[in-house]
Amino acid sequence: MLDIELIRENPEAVKAGLTKRGMQTAIVEEAAKLDVRRRELLTEVETLKAERNAVSKEIGVMKEKTDREKKIAAMRSVGEKIDALDSELKEVDEKLNGIMAVIPNIPFDNVPAGGEADNQVVKEWGEKPEFDFEAKPHWDLGPELGIINFDQGVRVTGSRFYVLSGAGARLQRALIAWMLDLHIRQGYTEKYTPFIVKEVTVFGAGQLPKFKDNLYKDYEEDLYLVPTAEVPLTGLHMDSILEADQLPLRYTAYSPSFRREKMSAGRDVRGIKRGHQFDKVEMYKFTVPEASQSEFESMVADAEATCQALGLPYRLLLKAAGDTSEAAHISYDIEIWAAGCKEWLEVSSISLVGDFQARRAAIRYRPKGGKGTAFVHTINGSGLGLPRTLIGVLENNQQADGSIVIPEVLKTWMGGIDVIRPEAG
RNA sequence: GGAGAGGUGCCAGAGUGGACGAAUGGGGCGGUCUCGAAAACCGUUGUGGUCUUAUGGGCCACCGAGGGUUCGAAUCCCUCCCUCUCCGCCA
């Protein structure tokens, strides 16, 4: 959520941000109008309330009956006016909040304008593996090794579900454990959070209202399955005021992510690249505004280090405004090269959110030496999405006989397995 | 799931219709005292909104959440949420 004052004082900047994302700007005017109306109503209704408060106090100490009755009658009609204005105010408030909830964050100046096609590759790391045989995609490798079973996923649940088996399941678990340990060494505190959350929690992270159709919801309890650990992590400090010396808070969390993927029906249906349920290790930071840029950069480096340690060739993309998430000022994507399906796969998206989520979720802090409170800045990034990382590991480390060499860093968790062979499944 | 108790400021805890944004104690902050500290004493100490010729002030709102009654609600009524204790049941 943007600061309404920004719309009041610099609507052009807000419009420019929307334009950069390829959006219409009419809602800015609408918000500005509602804001003016809101304050008119406030002034009016608060004057009446002040009057009522003052007279009610008098009534409390009055002895004379007739006067007293007169004042009570007068206040009764003031009360009616207040009720009418209050309900109009409520309407205006709701409209304004509705609009404010869909105005995205303003992209930084260095974010390229445009959509997905305008994303800029800013860095490439590692060599794409060369094979002297035809590299197989994971949807062939997995079933052949007996470590990915698509049929069973469909049998149990439906399309876009799969089952990992034996060394495959273990490999994913190894990746999760290793990544968490890595992030702990990088200075993050591990969190285990609920995977089912309240609506306000989803709203706070900025996933609602926009992604309503992409979320799984328990209508009986009014709860949502998390689409990413970013949601519960943002929620950890909802409605609270942190002390400046507590910051920065750096968290890492493993969680499954549940997405209905209604918006990408028919896309990426093959393999495990895009499922309704996938695991992820997330990084998240709460910082003071002055530190958010450097904390953002170090998070990008932390995510890159994960790919590097696994020996996965990757490229770093600066996302264009239209492809940057609503909540973010700026985002980088990390895409790893998958040698079998021969494509770049997004395994991480790191976003500097500024105070956008903090304002929605009411996460504040007391600036040192300063007065009052201010909103914290938040930064989030995947410490890699699991299925796609798994794809990279499988496809890039395959050998002519169809076996997979386990990356060195994961061996501790693989119980002595250093090569996955068909019989290991 | 059943029965009961309760949710008030940073914490503890009072307040059952009017002078209560809220007693009292603790903590924090500032000060006096001191070579310094402790103790003691004095002062101060919430958040948000809005208005304002404004480094200050006015007003409004907030005592779990949302409604209602009333001239007036922390206080009365309704609904919901949460916590604790006991019983039952299932991981």
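Throughout, a chain's letter reflects where its sequence line sits, starting with A, and its residues are numbered from 1.
Contact annotation for A:L42: backbone-only contact, meaning every heavy-atom pair under 4.0 Å involves sugar-phosphate atoms and none involves a base. Among the protein residues, A:T47 comes within range of no part of the nucleic acid, since none of its heavy atoms lies under 4.0 Å from any strand. Nucleic acid contact for A:R8: sugar-phosphate only, since backbone atoms but no base atoms lie under 4.0 Å from a heavy atom of the residue. Here A:K49 lies in heavy-atom contact (under 4.0 Å) with sugar-phosphate atoms only. A:K81 comes within contact range of no nucleotide atom at all, as no heavy-atom separation falls under 4.0 Å. Looking at heavy-atom distances under 4.0 Å, A:R68 makes contact with a base.
With a 4.5 Å cut-off on side-chain heavy atoms, A:C307 and A:L384 count as touching. Contact annotation: the side chain of A:Y162 approaches that of A:P387 to within less than 4.5 Å [non-hydrogen atoms, C-beta and beyond].
Checked by atom type and distance alone, the side chain of A:T378 never pairs as donor or acceptor with a backbone atom of A:F286 at under 3.5 Å. With hydrogens and angles disregarded, a donor-acceptor distance shorter than 3.5 Å links the side chain of A:R259 to the backbone of A:P227. Put simply, the side chain of A:R366 never gets that close to the backbone of A:I241: no donor and acceptor are under 3.5 Å apart.
Between B:U75 and B:A3, the distance separating the two P atoms is 26 Å to the nearest Å. Distance noted for atom C1' between B:U24 and B:G15: 11 Å (whole Å). To the nearest whole angstrom, the two P atoms, one in B:A5 and one in B:G58, are 44 Å apart. Using C1' as the reference atom, B:G17 and B:G25 are 28 Å apart when rounded to the nearest Å. Taking atom C1' in both B:G28 and B:U34, one finds a spacing of 22 Å when rounded to whole Å. B:C10 and B:A22 are spaced 14 Å apart, taking the P atom of each and rounding to whole Å. As rounded to the nearest Å, B:G26 and B:A40 have P atoms that lie 9 Å from one another. Here the separation of B:U85 from B:C11, taken at their C1' atoms, is 23 Å to the nearest Å.
If you check B:C35 for Watson-Crick or wobble pairing at under 3.5 angstrom, you find it has no partner at all. Base-pair partner of B:A74: not found among the strands shown (Watson-Crick or G-U wobble, both distances under 3.5 Å). Under the Watson-Crick and G-U wobble criteria, each requiring two contacts below 3.5 Å, nucleotide B:C20 is left unpaired. With a cut-off of 3.5 Å on both Watson-Crick or G-U wobble distances, the partner of B:A5 is given as B:U83. Nucleotide B:U53: unpaired (no Watson-Crick or G-U wobble partner with both distances less than 3.5 Å). Pairing partner, B:C90: none, since no Watson-Crick or wobble contact has both distances short of 3.5 Å. In a base pair of the Watson-Crick type (N1 to N3 plus N6-O4 or O6-N4) or a G-U wobble (N1-O2 and O6-N3), with each distance short of 3.5 Å, B:C62 is matched with B:G46.
The distance between atom CD1 of A:I72 and atom P of B:G72, rounded to the nearest whole Å, is 9 Å. Atom CZ of A:R76 and atom C1' of B:U69 are 12 Å apart (whole Å). The separation between A:R38 atom CZ and B:G48 atom P is 14 Å, rounded to whole Å. Atom P of nucleotide B:G28 and atom CG of A:D245 are separated by 15 Å, given to the nearest angstrom. To the nearest angstrom, P of B:U70 lies 14 Å from CD1 of A:I82. Between the CZ atom of A:R366 and the C1' atom of B:G28 there is a distance of 11 Å, given to the nearest Å. To the nearest angstrom, C1' of B:G49 lies 10 Å from CG of A:D93. Across the protein-nucleic acid pair, A:R52 atom CZ and B:C59 atom P stand 16 Å apart, rounded to whole Å.
Side-chain proximity of A:R39 to B:U47, B:C51, B:C71: nearest is B:C51. Among the nucleotides B:C51, B:C71, B:U47, the one closest to any side-chain atom of A:T43 is B:C51. The side chain of A:A50 approaches B:C60 more closely than any other nucleotide in the set B:C60, B:G67, B:G48. Residue A:E46 has its side chain nearest to B:C59 when only B:G48, B:G18, B:C59 are considered.
The phosphate of B:C71 has neither OP1 nor OP2 within less than 4.0 Å of any side-chain N or O from A:N53. Side-chain nitrogen and oxygen atoms of A:K90 include at least one within less than 4.0 Å of the OP1 or OP2 phosphate oxygen of B:G67.
Of the residues near RNA chain B, A:A73 and A:V45, the one whose nearest nucleotide (by heavy atom distance) lies more toward the 5' end is A:V45. Comparing A:T373 and A:G60, the nucleotide of RNA chain B nearest to each residue sits closer to the 5' end for A:G60.
Within the 6.0 Å centre-distance limit, the rings of A:H237 and A:Y251 are counted as a close aromatic pair.
Between A:H276 and A:Y216, the ring-plane angle classifies as perpendicular under the 30° and 60° cut-offs. Between A:Y254 and A:F195, the angle of the ring planes goes over 60°, which puts this pair in the perpendicular group of the 30/60° scheme.
A:R274 meets the side chain to side chain donor-acceptor pair (under 3.5 Å) test with A:E261, A:D268; sequence neighbours excluded. For the salt bridge (charged side-chain N to carboxylate O under 4.0 Å, His left out) test, residues two or more places apart in sequence or in another chain that qualify with A:D222 are A:K217.
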Tabulated below should be each protein N or O lying under 3.5 Å from an N or O of nucleotides 76-81 of chain B; please produce it.
none

